[in-house]
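I have placed the structure first, in the form of structure tokens, so that the comments after it can refer back to it.
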Amino acid sequence: MEQRPFSDTSYQQFLNEDMLMGSKCQKCGVLYAPPRQICPKCKATTMQWIQLMGKGKLVAFTCIAVGTAAMIKEGYDRKRPYISGVVELDEGVKMAARIEDIDGTKPEAIKVGMPLTVKFLHCGEGENQKTFLAFKPA
Ligand SMILES: [Zn+2]
């Protein structure tokens with residue numbers, strides 16, 4: 001694995017390449033995703049990139065009917081809410097992400113504990129391209 005700095009920019013670059021990456025503290029072994037440069041637990045700065053499998057389970061969720069301007073632009077509103085969730089990965093890290101491929105108007109279809117798998121949402125073109133982390137039912 002090439003050595004990129006443990007920054008949000010690198011994390012975003014990896015997402016653009018369909019890779020979900022975290023950083024693992026070489027001293028105490030705690031895994032962080034998104035990556036951290038300095039371990040908040042033991043203050044060590046020796047990190048290592050770890051590729052996450054992108055599989056996990058839903059631990060919490062919210063259906064958002066009134067979203068941010070960016071989400072409204074994408075066509076989400078009261079009639080088409082989107083789901084924001086917290087996913088616990090098999091590696092033990094909890095990540096906040098959008099939950100896709102579930103009808104936001106039918107929250108009863110969403111179950112805490114349901115297995116999820118990563119989905120890379122590529123938006124925009126060229127320099128404006130950005131990849132959002134999302135999960136969908138496994
Ligand atoms: Zn540490």
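In each ligand, atom 1 is the first atom listed, and ligand 1 is the first ligand listed.
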Considering only distance and modelled atom types, tabulate donor-acceptor pairs under 3.5 Å from the side chains of residues 22-47, sequence neighbours left out.
residue : atom : partner : partner atom : Å
S23     : OG   : R36     : N            : 3.0
S23     : OG   : R36     : O            : 3.1
K43     : NZ   : P40     : O            : 3.3

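With side-chain heavy atoms closer than 4.5 Å counting as contact, directly or through intermediates, the hydrophobic cluster containing F132 also holds L121. In the hydrophobic clustering (ILVMFWY side chains linked at under 4.5 Å, chained through shared members), V59 is joined by V86.
Within 6.0 Å of atom NZ in K119, more than 12 heavy atoms from other residues, nucleotides or ligands are found, so the atom counts as buried in its surroundings. The number of heavy-atom neighbours closer than 6.0 Å to CD of Q129, taken from other residues, nucleotides and ligands shown, is above 12.
Around the Zn ion (ligand 1), the protein contributes the following N, O or S atoms under 2.8 Å, ordered by chain and number: C25 SG, C28 SG, C39 SG, C42 SG.
Proximity of W49 to Q3: side-chain heavy atoms (C-beta onward) are separated by under 4.5 Å at one or more points.
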